Amino acid sequence: MAEVDPDTLLPTDRMRTRAVDGEVTQIHRGHQYVDEGDTFSVDGTEFEVVAVEERRLGDLTDADARAEGARDLEHYREMLNQAHDHFEWDDDADVVCHRFERRD
């Protein structure tokens, strides 16, 4: 377990703010950036990474999209297209889900 920089997992101010507000509770990334049990802090709010698991983009659901701050899976796809140049959704692409919770 380590204390990690929140930018490592949540690359934008908007995502960090939405995590503090409870609107973002997980993020899928192309690689594993932190380990289960790692912690990070955003504006004095402490978080713990509670799960890290490999998945495929095609396995994501509307619930996953909402946990990342999107309305649904289609909105999540649009967000990825806007955030990444030359992004193309591939159901078979491997991603890593990083799930985190507030520490009280």
Side-chain angles (χ1 to χ4, degrees):
M1 294 189 298
E3 175 80 20
V4 297
D5 186 325
D7 296 358
T8 302
L9 191 58
L10 303 170
T12 67
D13 287 334
R14 184 171 190 256
M15 290 186 83
R16 290 186 293 276
T17 298
R18 295 185 82 193
V20 170
D21 293 343
E23 297 170 15
V24 172
T25 58
Q26 72 181 27
I27 184 169
H28 285 81
R29 305 286 303 268
H31 304 283
Q32 182 174 338
Y33 285 84
V34 297
D35 293 314
E36 189 172 320
D38 286 351
T39 60
F40 61 94
S41 178
V42 178
D43 297 332
T45 302
E46 298 287 326
F47 294 90
E48 181 177 350
V49 178
V50 296
V52 177
E53 61 185 3
E54 293 184 19
R55 302 184 68 194
R56 291 178 330 112
L57 275 179
D59 294 333
L60 272 62
T61 65
D62 284 335
D64 289 312
R66 284 190 295 274
E68 294 201 31
R71 290 184 304 272
D72 55 26
L73 192 55
E74 185 57 36
H75 182 231
Y76 180 70
R77 288 181 185 188
E78 291 171 15
M79 289 171 50
L80 290 178
N81 282 328
Q82 291 175 357
H84 303 285
D85 292 336
H86 311 293
F87 176 79
E88 185 174 321
W89 186 277
D90 177 359
D91 281 346
D92 293 323
D94 293 324
V95 292
V96 179
C97 179
H98 304 80
R99 192 168 302 118
F100 50 89
E101 295 176 352
R102 284 177 173 232
R103 292 174 67 184
D104 294 325

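In this text the structure is predicted, and so the values were computed from the model without any measurement. All values below were derived from every heavy atom in this structure, side-chain atoms included, with hydrogens, water molecules and symmetry-related copies excluded.
Tracing side-chain contacts under 4.5 Å through hydrophobic residues (I, L, V, M, F, W, Y), one never reaches Leu60 starting from Val24; they form parts of separate clusters. Taken together through direct or relayed side-chain contacts under 4.5 Å among Ile, Leu, Val, Met, Phe, Trp and Tyr, Leu10 and Val96 form part of one hydrophobic cluster. Grouping the Ile, Leu, Val, Met, Phe, Trp and Tyr side chains by contacts below 4.5 angstrom, directly or via other members, places Leu73 apart from Met79. Under the 4.5 Å side-chain contact rule for hydrophobic residues, Val4 and Val49 share a cluster.
Identified under the salt bridge (charged side-chain N to carboxylate O under 4.0 Å, His left out) test for residues 2-19, with sequence neighbours left out: Asp7-Arg16, Asp13-Arg16, Arg18-Glu23. Listed by first and then second residue, the salt bridge (charged side-chain N to carboxylate O under 4.0 Å, His left out) pairs that reach into residues 48-66 are Glu53-Arg99, Arg55-Asp64, Arg56-Asp59, Arg56-Asp92, sequence neighbours excluded. Pairs engaging residues 49-70 under the ring pair (Phe, Tyr, Trp, His ring centres under 6.0 Å) rule: none recorded [sequence neighbours left out]. Note on residues 74-90: no pairs pass salt bridge (charged side-chain N to carboxylate O under 4.0 Å, His left out), not counting sequence neighbours. Residue pairs that meet the salt bridge (charged side-chain N to carboxylate O under 4.0 Å, His left out) test with at least one member in residues 28-47, sequence neighbours left out, do not exist here. The stretch residues 42-99 participates, sequence neighbours left out, in these ring pair (Phe, Tyr, Trp, His ring centres under 6.0 Å) pairs: Phe40-Phe47, Phe47-Phe100.
Annotation for Gln32 and Val34: closest pair NE2-O, 3.0 Å, computed over non-hydrogen atoms. Closest of all the heavy-atom pairs between Leu9 and Ile27 is O-CD1, 3.5 Å. The shortest non-hydrogen separation linking Pro6 to Ser41 is CG-O, 3.3 Å.
Here the straight-line distance linking atom CD of Glu68 with atom OG1 of Thr25 works out to 8.0 Å at 0.5 Å rounding.
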